[in-house]
Amino acid sequence: MMNVANPSAYDATRPASSRPERGVGVALDRLLAASADELERLYRGARAPSLDNLRGDLRGRMLDNVLFGGPIAEGLRRFASTELFPWRGKSFAPVDRDHGEGINRIFSDRLRRFTFSTFIGRSRAGDFDAVQLDYDRSDNPWVIRQVKDEIRELEPGLYLGQAYFAFPRERLVLYFGLASKEVR
């Protein structure tokens, strides 16, 4: 169990589950084991990273879908832990001190779709800042333009994100994790 009383003390050196790592960091595997309540506490206790530190390809993992419970949620969690899950992560490039851009990697690290702009802004989850990922760009399909992601940093190179869907009203739909290659 994660130390949710002190989210900034997240222990990335703790042993991973007995399931072998399959191309994603062990730290992401540990986050996958957290409940939605634990993920919310970790998210609130994390910090907004600098846009300059968000660069390159980060491995991704869908962690928890908050819309569904029971067997559907458990099935989605299991699917997300396999190599068959289509989302591979996000790639980031800072533009200047206050703005950046990025794109999602799906099915493989070479297939890149769904661009976004990044900036620091107030989180939808509380009275604190987060890196906002804005998909409302003309090159994205309408449904993707309704996605509003934001991320906070648990430790250097390890990020926890919330994904919101803005239609018909804005609501949290899932948690996701991102990790640089250096994080294990």
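Checking side-chain atoms of Asn104 against main-chain N and O of Phe114 turns up a donor-acceptor pair under 3.5 Å. Judged by distance alone, with hydrogens and angles left aside, the side-chain atoms of Asn140 form a donor-acceptor pair with the main-chain N or O of Thr115 at under 3.5 Å. Put simply, the side chain of Arg152 never gets that close to the backbone of Leu160: no donor and acceptor are under 3.5 Å apart. For the pair Glu38 (side chain) and Ser35 (backbone), a donor-acceptor distance under 3.5 Å is present. Between the side chain of Arg112 and the main chain of Asp109, a donor-acceptor pair closer than 3.5 Å is present. In this structure, the side chain of Arg105 engages the main chain of Leu58 through a donor-acceptor pair within 3.5 Å.
Taking all atoms of both residues into account, the shortest heavy-atom contact from Ala46 to Leu154 is CB-CD2, 3.9 Å. Closest of all the heavy-atom pairs between Pro156 and Arg47 is CD-NH2, 3.7 Å. Between Val147 and Tyr135, the shortest heavy-atom distance links the atoms O-CD1, 3.5 Å.
The CG atom of Asp64 sits 8.0 Å away from atom OH of Tyr175, with the distance rounded to the nearest 0.5 Å. Taken from CG in Leu28 to OG in Ser81, the straight-line distance is 12.0 Å, to the nearest 0.5 Å. Expressed to the nearest 0.5 Å, how far CG of Asn65 lies from CD of Glu74 amounts to 12.0 Å. Note: Ser123 OG to Gln162 CD = 5.5 Å, rounded to the nearest 0.5 Å. With rounding to the nearest 0.5 angstrom, the CZ atom of Arg77 is 10.5 Å from the CZ atom of Arg61.
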Give the intermediate values and the outcome of side chain to side chain contact (heavy atoms under 4.5 Å, CB included) for residues Lys148 and Leu133.
CA-CA 6 Å; Lys148 311 296 179 196; Leu133 284 63; over 6 Å; no

For a ring pair (Phe, Tyr, Trp, His ring centres under 6.0 Å) check, start with the C-alpha distance between Phe167 and Trp142, then their side-chain angles and the critical distance, and finish with the verdict.
CA-CA 10 Å; Phe167 183 83; Trp142 177 86; 5.1 Å; yes

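Between Ser108 and Arg88, the side chains place no donor N or O within less than 3.5 Å of an acceptor N or O (distance only, hydrogens not considered). In summary, the side chains of Glu101 and Ser117 do not present any donor paired with an acceptor at a separation below 3.5 Å, with no hydrogens or angles considered. Between the side chains of Tyr43 and Glu150, a donor-acceptor pair is found at a separation under 3.5 Å.
In the hydrophobic clustering of ILVMFWY residues, with side-chain heavy atoms under 4.5 Å counting as a link, Phe107 and Met62 come out together. Grouping the Ile, Leu, Val, Met, Phe, Trp and Tyr side chains by contacts below 4.5 angstrom, directly or via other members, places Phe119 apart from Leu178. With hydrophobic clusters built from ILVMFWY side chains whose heavy atoms lie under 4.5 angstrom apart, Phe79 shares a cluster with Leu174. Hydrophobic clustering (ILVMFWY, side-chain heavy atoms < 4.5 Å, transitive): Ile106 and Ile103 are in distinct clusters. Under the 4.5 Å side-chain heavy-atom criterion for ILVMFWY residues, a single connected hydrophobic cluster contains both Ile144 and Trp87.
A salt bridge is defined here as a Lys NZ or Arg NE, NH1 or NH2 lying under 4.0 Å from an Asp or Glu carboxylate O, and Arg122 with Asp129 fails to meet this definition. Here Asp52 does not pair with Arg97 in a salt bridge; the nearest charged N to carboxylate O distance is not below 4.0 Å. Comment: Arg145 does not engage Asp134 in a salt bridge, judged by the lack of any side-chain N to carboxylate O separation of less than 4.0 angstrom.
Cation-pi geometry between Arg124 and Tyr164 is met: under 6.0 angstrom from the ring centre, within 45 degrees of the axis. In this structure, Lys90 forms a cation-pi arrangement with Phe176, its terminal cationic atom sitting closer than 6.0 Å to the ring centre and no more than 45° off the ring axis.
Aromatic rings of Tyr159 and Phe92 (six-membered ring for Trp) have centroids beyond the 6.0 Å cut-off, not under it.
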